[in-house]
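In what follows, every heavy atom counts, from backbone to side chain, and hydrogens, waters and symmetry copies are set aside.
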Amino acid sequence: LSLPAVVAASAYFRGPGLRIEDAPRLATSVAAGWIAALLLIGYLRTLSHLVTLVARKERRAVELVQRLPDAVLALDAEGRISACNRAAEAALDMPAEVLERSRLADLPLRTAQGSTTSPDLLTELARAPQRMVDAEGQRQFEASARPLTSDEDEPGWLLLLRDVTEHVRAIAEGEDLRRQLEHAQKLEAVGRLAGGVAHDFNNILQTVLGYSDLLSTSTDPEARQIAEEQGTALQRGSSLTRQLLAFARKETQAPRSVQV
């Protein structure tokens, strides 16, 4: 600003009586005012930038929590739900508007032992995770809790629910497959044993059959009668041997009557 402009401005605002020797002091005051104004503008710009950064980080943090695959619920010390993410809405089949007006005891959850939820459960979950199921018993969750403490807010809890339904189902199916494999291995061992017994038994039958043939050629009627009875027993033994061999070879038997 030029000196005449300063003098003219002062005369306008202060009226008559301004002396020329007051001009330097007035110029200094105006300059100081401009400097203060520039500093204030710079401070406000810096503050606005910081507020924008903080808001951006808060939005990013909220978005990260919303994108988590696990259900996250924030609760106060009394068990009232104050916030939740989208995964919690899907896991509990409740919209956020309803969840954020609910308490922990209102959630459709129960422990694996059948007890309902309560604020005391959060303390237990903070010590060790527990398995929980929904009201219908169709979905299973691994639940854990973390205390929330800060100097500004009242203490609360963070409840985490991880859907482990598919994992539990896969474990159960794997256990069924393991039992089936063990059963098949046992059957295979029994089959090998049955095959060995059948071969040994067949060898014994062949020996008995040879002596039975000798008796059948005897002139003694009693000996021929014994040979005939032996033949009947040998037929039953031979049939048993075939069944053992079929079991050992895992063959499917379908006996049927035929006309010879």
Side-chain angles (χ1 to χ4, degrees), residues 43-182:
Y43 171 76
L44 291 176
R45 286 180 176 176
T46 303
L47 181 60
S48 176
H49 179 66
L50 291 176
V51 170
T52 303
L53 287 178
V54 171
R56 186 180 301 167
K57 288 185 177 180
E58 288 182 351
R59 288 195 301 269
R60 185 176 299 175
V62 170
E63 185 62 25
L64 287 174
V65 174
Q66 289 291 345
R67 290 178 178 271
L68 287 175
D70 298 337
V72 180
L73 299 100
L75 304 95
D76 62 14
E78 302 299 325
R80 291 185 291 265
I81 300 172
S82 58
C84 65
N85 65 349
R86 287 189 288 268
E89 298 180 65
L92 301 173
D93 195 21
M94 298 173 66
E97 295 79 10
V98 177
L99 278 173
E100 293 174 3
R101 295 196 307 266
S102 304
R103 291 175 173 268
L104 178 61
D106 300 329
L107 298 181
L109 293 174
R110 56 183 173 83
T111 63
Q113 291 75 26
S115 59
T116 57
T117 54
S118 65
D120 295 337
L121 178 65
L122 296 171
T123 305
E124 300 175 9
L125 294 177
R127 289 195 293 264
Q130 292 187 23
R131 186 68 54 81
M132 304 190 74
V133 296
D134 63 2
E136 292 76 18
Q138 300 296 322
R139 303 180 68 180
Q140 301 191 41
F141 302 92
E142 183 182 84
S144 60
R146 298 290 185 275
L148 291 176
T149 56
S150 66
D151 297 334
E152 300 177 358
D153 300 330
E154 294 184 359
W157 293 93
L158 198 64
L159 177 62
L160 306 175
L161 299 173
R162 173 167 294 178
D163 193 334
V164 294
T165 305
E166 294 301 326
H167 177 67
V168 173
R169 185 178 293 119
I171 292 177
E173 291 176 353
E175 186 66 21
D176 289 341
L177 290 175
R178 185 186 64 81
R179 286 194 293 266
Q180 292 177 14
L181 177 61
E182 290 179 352

Test side-chain contact (heavy atoms from CB on, under 4.5 Å) on Leu73 and Leu158; report intermediate values, then the result. CA-CA 6 Å; Leu73 299 100; Leu158 198 64; over 6 Å; no

For salt bridge (Lys or Arg N to Asp or Glu O under 4.0 Å), just list the numbers for Arg86 and Glu63, CA-CA rounded to whole Å, side-chain angles, deciding distance to a tenth of an Å, and then say yes or no. CA-CA 10 Å; Arg86 287 189 288 268; Glu63 185 62 25; 3.6 Å; yes

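- Residue Arg67 qualifies as open at atom CZ: its count of foreign heavy atoms under 6.0 Å is 12 or below.
- Checking side-chain atoms of Ser144 against main-chain N and O of Pro129 turns up no donor-acceptor pair under 3.5 Å.
- Of all heavy-atom pairs spanning Arg103 and Glu78, the tightest one is NH1-O, 3.3 Å.
- Within the model, atoms CG of Leu125 and CD of Glu142 stand 10.5 Å from one another, a figure rounded to the nearest 0.5 Å.
- Distance check, rounded to the nearest 0.5 Å: CG of Leu161 to CG of Asp70 gives 8.5 Å.
- With rounding to the nearest 0.5 angstrom, the CG atom of Leu107 is 10.0 Å from the SG atom of Cys84.
- Between Leu109 and Phe141 the shortest side-chain heavy-atom distance falls below 4.5 Å.
- Val168 approaches Arg131 most closely through the heavy-atom pair CG2-NH1, 3.4 Å.
- From Trp157, atom CH2 reaches atom CG of Leu122 across 6.0 Å, with rounding to the nearest 0.5 Å.
- Expressed to the nearest 0.5 Å, how far CD of Glu89 lies from CD of Glu100 amounts to 8.0 Å.
- The local environment of CZ in Arg162 is sparse, with at most 12 non-hydrogen atoms from other residues, nucleotides or ligands closer than 6.0 Å.
- A pairwise comparison of heavy atoms in Pro69 and Ala87 identifies O-CB, 3.7 Å as the closest pair.
- A distance of 10.5 Å separates CZ in Arg146 from CG in Leu159, rounded to the nearest 0.5 Å.
- At most 12 non-hydrogen atoms from other residues, nucleotides or ligands lie less than 6.0 angstrom from CG of Asp93.
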With side-chain contact (heavy atoms from CB on, under 4.5 Å) as the criterion, how do Leu121 and Gln130 come out once you've worked through the C-alpha distance, each side chain's angles and the decisive distance to 0.1 Å? CA-CA 10 Å; Leu121 178 65; Gln130 292 187 23; 4.0 Å; yes

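- Looking at Glu97 and Arg101, no side-chain N of the basic residue comes within less than 4.0 Å of a carboxylate O on the acidic one, giving no salt bridge.
- Enclosure of atom CZ in Arg179 by more than 12 non-hydrogen atoms of other residues, nucleotides or ligands within 6.0 angstrom is indicated.
- Annotation for Gln140 and Thr165: closest pair N-OG1, 2.9 Å, computed over non-hydrogen atoms.
- For the pair Glu136 and Pro108, the minimum side-chain heavy-atom distance is 4.5 Å or more.
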